[in-house]
2 protein chains.
Amino acid sequence: MAHTYEYPRAALTVDCVVFGFDGGELQVLLIRRGLAPFKDKWALPGGFVRVEETLDDAARRELEEETGLREVFLEQLYTFGTVKRDPRERVVSIAYFALVKPGAVTAATDAAEAKWFPVSDLPSLAFDHADILTTALTRLRGKLTYQPIGFELLPPKFTLTQLQRLYEAVLGEPLDKRNFRKKALSYDLLIPLKEKHQEGPHRPAQLFRFDPVKYEKLKKKGFLFEI
Amino acid sequence: MAHTYEYPRAALTVDCVVFGFDGGELQVLLIRRGLAPFKDKWALPGGFVRVEETLDDAARRELEEETGLREVFLEQLYTFGTVKRDPRERVVSIAYFALVKPGAVTAATDAAEAKWFPVSDLPSLAFDHADILTTALTRLRGKLTYQPIGFELLPPKFTLTQLQRLYEAVLGEPLDKRNFRKKALSYDLLIPLKEKHQEGPHRPAQLFRFDPVKYEKLKKKGFLFEI
DNA sequence: CCAAAAGTGTTGAAACTACACCCATGG
DNA sequence: CCATGGGTGTAGTTTCAACACTTTTGG
């Protein structure tokens, strides 16, 4: 440990799996690579970690540089470090997963080389990014059932049906409407608004917003949000 | 991304949080540092990742070099990358947590500078190793209640009381004997052996072993081991 | 026969699942 | 008035939590 300078070092990168929800299907944001290796292939947004920034900072910076996204939910996922995952040289990548609300991207991205893909129909990906994506999906499914992170994928005001569609899209199975609503409301973390959501020729739906303050209080008491 | 060689690089290390169980309290294995910085302070076993080995390999290698442990349960935990966590230079560390069965260490370790500490009475630690340890403990607690990893901390043959003591030590709360036994046996993953465990002037206890093959089958069907 | 840990069932409360109809609106 | 999605309650089943005594052994 005294001779750290004698050895060659791996390069360090961050990669972000950015999830979005369009109301129907779960989506992932990918970037088309402009440079070799894997030129013109789709890849996760990401890049090299600078020596004077934290890993979280690097992930946020790269996300903003490549997609324009700011202030998103971001969480470290896993670190990928097989020896040959980058054909050029040894590269270790700390993967993150991000959840963004609808609209955040169209507003921010230069439409240039970033594009949403439904998770059910992904193109082939550069490096080991398909593995990273699979890991992120598994984590998202697991997390969704015991932590209220689904709200990060919805607009600030949403209906219970939107919330249910999201859960169904992520978990990949239909849920019972009445049971879902009972459960979702039972924690008293959804605040009904005075407004209604109107679209189409049918009864308008009650809008809710999530109460993050109340959630933080509950969390400290060792609380689990399970659906 | 084309100019990776122009930038200074962080050093990469692995650190292992090694948990053990002595029948009473949950323990962590620490190493006394022989070199600066933090000379003579206690620290997690770990060291630099070589450029031609995977992260998992590095963790196993360091664990064996510093503690003599082999063939332990090992899982990646989290990657720590704040800028000043090592006073010498930028060091990013991939933390692992390991679970070892009783006896594995006394047999393997040169008794030299490795020592078990109960989690309730830890010395002050080098670097940000206290943070890493806290993260590992939280993960262990969470994992124990939905995955059967407790067996990695017990001898191959164990009694239900030993298993209960372990859960109580990790979770930090007493559990009801009858309910615990019912639940533990309900999954049909514990195989009763012909032998009994005798110690002290009282009724001998039934010994069990965990059935990992059956567990793998169940796991593929999306099964959760919850206690 | 005493001390010490092993082992065993039941009951009331709570949570979960399955399931079908009326409501409000726009066109 | 019709089509569309919004909204609601109950009954049977399962799971959970609480709780106390008998058994086997060694000394």
Side-chain angles (χ1 to χ4, degrees), chain A residues 21-25 144-146 148 154-155 157-169 171-209 218 221-227, chain B residues 21-25 144-146 154-155 157-169 171-209 218 222-227:
Chain A
F21 182 61
D22 65 358
E25 237 189 312
L144 195 64
T145 57
Y146 66 91
L154 291 177
K157 302 171 183 178
F158 53 87
T159 69
L160 289 180
T161 300
Q162 288 175 312
L163 186 62
Q164 184 178 346
R165 294 282 170 272
L166 167 62
Y167 272 77
E168 291 174 333
L171 302 178
E173 60 183 10
L175 299 172
D176 180 86
K177 181 162 61 157
R178 279 179 284 193
N179 294 337
F180 180 85
R181 293 163 97 93
K182 235 179 297 171
K183 199 74 183 281
L185 293 174
S186 68
Y187 301 104
D188 214 25
L189 287 171
L190 300 185
I191 304 172
L193 303 173
K194 287 179 184 148
E195 311 158 62
K196 306 257 167 167
H197 178 76
Q198 180 58 289
E199 74 161 10
H202 53 81
R203 182 171 173 176
Q206 179 64 244
L207 282 168
F208 294 85
R209 70 177 181 83
L218 284 171
K221 295 181 191 160
F223 159 85
L224 281 183
F225 181 90
E226 288 171 354
I227 280 206
Chain B
F21 182 62
D22 66 357
E25 236 189 313
L144 196 65
T145 57
Y146 66 89
L154 291 177
K157 301 170 183 179
F158 54 86
T159 69
L160 288 180
T161 300
Q162 288 175 312
L163 186 63
Q164 185 179 345
R165 294 282 169 273
L166 167 62
Y167 272 78
E168 289 174 335
L171 302 178
E173 60 182 11
L175 299 172
D176 180 86
K177 181 161 63 154
R178 281 179 283 193
N179 293 338
F180 180 85
R181 294 164 96 93
K182 236 179 297 171
K183 199 75 184 279
L185 294 174
S186 69
Y187 302 103
D188 213 25
L189 288 171
L190 301 185
I191 303 172
L193 303 174
K194 286 181 185 144
E195 310 158 63
K196 305 257 167 168
H197 179 76
Q198 180 58 289
E199 75 162 9
H202 54 80
R203 180 169 175 177
Q206 178 65 246
L207 282 168
F208 293 84
R209 68 178 183 83
L218 284 171
F223 158 85
L224 282 184
F225 181 90
E226 288 171 354
I227 280 205

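In what follows, chains carry the letters A, B, and so on, assigned in the order in which the sequence lines appear, proteins first and then strands, with residues in each chain numbered from 1. Small disclaimer: the values here were computed from a predicted structure and weren't measured.
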Round to the nearest Å and state the distance from [X] atom [atom1] to [N] atom [atom2].
X	N	atom1	atom2	result
B:L163	C:dG7	CG	P	13 Å
A:F180	C:dA18	CZ	P	16 Å
B:Q164	C:dA5	CD	P	13 Å
B:N179	D:dC19	CG	C1'	9 Å
B:K183	D:dT15	NZ	P	10 Å
B:K182	D:dC19	NZ	P	13 Å
B:D176	D:dA20	CG	C1'	11 Å

**OP:** Tell me which residues in residues 201-209 of chain A put a heavy atom below 4.0 Å from DNA chain C, sorted by number, or none.
**Re:**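 Within this stretch, A:P201, A:H202, A:R203, A:P204 sit under 4.0 Å of the strand.
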Give, for atom [atom1] of [X] and atom [atom2] of [Y], the distance between the pair rounded to the nearest 0.5 Å.
X	Y	atom1	atom2	answer
A:L185	A:F208	CG	CZ	5.0 Å
B:K177	B:L160	NZ	CG	10.5 Å
A:E168	A:L163	CD	CG	10.0 Å
B:Q206	B:H197	CD	NE2	12.0 Å
A:L166	A:L171	CG	CG	8.5 Å
B:Y146	A:Y146	OH	OH	5.5 Å

Original post:
Does C:dG7 have OP1 or OP2 sitting under 4.0 Å from an N or O in the side chain of B:R178?
Top reply: no
Original post:
Of all heavy-atom pairs between B:Q162 and B:T159, which one has the smallest distance, and what is that distance?
Top reply: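 That would be OE1-N, 2.8 Å.
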**OP:** Please report the closest heavy-atom contact between A:D176 and A:N179, naming both atoms and the distance.
**Re:** OD2-N, 2.9 Å
Subject >> Proximal nucleotide (of C:dG7, C:dG9, D:dG6) relative to the A:R181 side chain >> reply: D:dG6
Original post:
What are the residues of residues 190-199 of chain A, sorted by number, that bring a heavy atom to within less than 4.0 Å of DNA chain D?
Top reply: none
Original post:
Reckon B:K177 touches a base, only the sugar-phosphate, or nothing at all at heavy-atom distances under 4.0 Å?
Top reply: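 Counting heavy atoms under 4.0 Å across all strands, the contact made by B:K177 includes a base.
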**OP:** Scan B:T161 against the nucleic acid and name what it touches under 4.0 Å (heavy atoms): base, sugar-phosphate only, or nothing.
**Re:**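 Here B:T161 touches the backbone only, sparing every base.
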Original post:
Hey, does the side chain of A:Q164 reach the backbone of A:R181 with a donor-acceptor pair shorter than 3.5 angstrom?
Top reply: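 Checked: no pair found.
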